[in-house]
Amino acid sequence: MFRRELPSLEHHSGGLLLRMGEEGLIAPGDHAGVLVEVAQWPDNVEPLGFWHDQPVALSLEAGDERWLPAREWLAHLPGSQSVIVSTALQIATWQRDHRFCGRCGTAMQRIESEFAMQCMTCGHRNYPRISPCIITLVTFGEDLLLARSPRFPPGRYSTLAGFIEPGESAEDAVRREVFEEVGVHVGRIAFYRSQSWPFPHSLMLGFFAEAASRRIAIDGVEIADAAWYSPRHLPQLPPPYSISRELIETHLKAVGNR
């Protein structure tokens, strides 16, 4: 299992390595996974934690055409290893986007004991960004309200999602996002579970919500189309590793159609 305790570079010079290139491409590792065992880590690695008590570090490299996108790895890796991929993606994004102090512009320095960078000029410290989002399956009886973004692959429909705004509760965000995107008021809301979604730094809070009516009015911007679907006639669904698909499958099992 993955343990979130940072290996000290003073005490660990090698172990397991995850090699990541530009655009989130990841090198194949040992045993059809993403981790490779090395006696000596390359320079400038980023410690991530421990995998079955072996230290794990991230190496950012140029990459090549044999490396696969992170989404492909997440599609077939076991959940325990996908946690390492998610962590590496978010740490790589943080390092790239926060090299300079947002308060005074000075180059930031990495703090070894935790995921943190500190400005030695003004003292400002920053941490990896985590953006909370809601993701919601809206139902009416056994039917599911599914929608498609203009960014989706052709034919794919999914649940509704959006970022939580400052000062807003997750439940209020569910009601606001559903109404803004498809014009539907919802009644009872139930929390399901959360999932780290490292594209680039979201924390998805999954909910079920019951619609007060079946009338749909899409916004035409974030949502290109939306419709009610019977459990027996579904469109192309999101990938199995996503919490969106898990919400859908959980509902289908509850109504006895899978």
Side-chain angles (χ1 to χ4, degrees), residues 1-27 29 34-64 67 69-71 73-74 80-133 163-170 173 194-205:
M1 298 296 291
F2 184 55
R3 175 159 50 95
R4 295 183 180 277
E5 175 186 332
L6 292 184
S8 169
L9 293 177
E10 181 180 349
H11 299 103
H12 301 280
S13 58
L16 298 173
L17 187 67
L18 187 150
R19 302 168 64 203
M20 183 179 296
E22 297 178 357
E23 305 299 327
L25 296 176
I26 297 175
V34 294
L35 300 176
V36 59
E37 188 167 0
V38 296
Q40 183 74 38
W41 284 330
D43 293 337
N44 300 317
V45 297
E46 176 62 57
L48 296 178
F50 289 84
W51 174 250
H52 293 292
D53 294 326
Q54 286 188 276
V56 182
L58 167 67
S59 176
L60 298 175
E61 306 175 16
D64 63 41
W67 295 18
R71 289 178 187 267
W73 285 112
L74 291 174
S80 53
Q81 259 196 64
S82 66
V83 171
I84 302 177
V85 173
S86 295
T87 301
L89 285 168
Q90 295 192 62
I91 293 304
T93 298
W94 168 59
Q95 287 192 321
R96 181 196 66 206
D97 294 348
H98 293 85
R99 294 176 296 160
F100 299 94
C101 178
R103 182 182 294 165
C104 72
T106 302
M108 301 292 278
Q109 293 189 21
R110 183 72 171 83
I111 297 174
E112 184 178 323
S113 60
E114 59 180 328
F115 287 134
M117 293 184 184
Q118 183 153 347
C119 175
M120 298 306 170
T121 299
C122 71
H124 176 62
R125 183 176 292 195
N126 72 47
Y127 300 88
R129 177 178 175 183
I130 299 174
S131 303
C133 308
F163 289 101
I164 299 174
E165 295 186 349
E168 186 176 46
S169 71
S194 61
Q195 180 188 43
S196 174
W197 190 250
F199 301 108
H201 41 61
S202 297
L203 175 63
M204 310 299 290
L205 307 178

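In this text the structure is predicted, and so the values were computed from the model without any measurement.
Without hydrogens or angle criteria, Ser8 side chain to Glu10 main chain gives a donor-acceptor distance under 3.5 Å.
Taking a 6.0 Å sphere around CD of Glu168, one finds it holds more than 12 heavy atoms contributed by other residues, nucleotides or ligands. Counting heavy-atom neighbours within 6.0 Å of Asn44 CG, excluding the residue itself, gives a total of 12 or less. A 6.0 Å sphere centred on CG of Leu9 holds more than 12 heavy atoms belonging to other residues, nucleotides or ligands. Within a 6.0 Å radius of CD in Glu114, other residues, nucleotides and ligands contribute more than 12 heavy atoms. Heavy-atom contacts from other residues, nucleotides or ligands closer than 6.0 Å to CZ of Phe199 number more than 12.
Within the 4.5 Å cutoff, side-chain heavy atoms of Leu89 are placed close to those of Met20. Taking the side chain as every heavy atom from C-beta outward, Leu25 and Pro69 approach each other to under 4.5 Å. When side chains are defined from C-beta on, Gln118 does not count as touching Gln109, because their heavy atoms never get closer than 4.5 Å. Using a 4.5 Å heavy-atom cutoff, the side chains of Ile84 and Leu16 are not in contact.
Remark: the Ser59 side chain and the Glu61 side chain contain an N/O donor-acceptor pair separated by less than 3.5 Å.
Applying the ring pair (Phe, Tyr, Trp, His ring centres under 6.0 Å) definition to pairs two or more places apart or across chains, none involves residues 101-130. For the side-chain hydrogen bond (donor to acceptor under 3.5 Å, both in side chains) condition, the pairs that include at least one residue of residues 46-57, sequence neighbours left out, are Arg3-Asp53, Glu37-Gln54, Glu46-Gln95, Glu46-Arg110.
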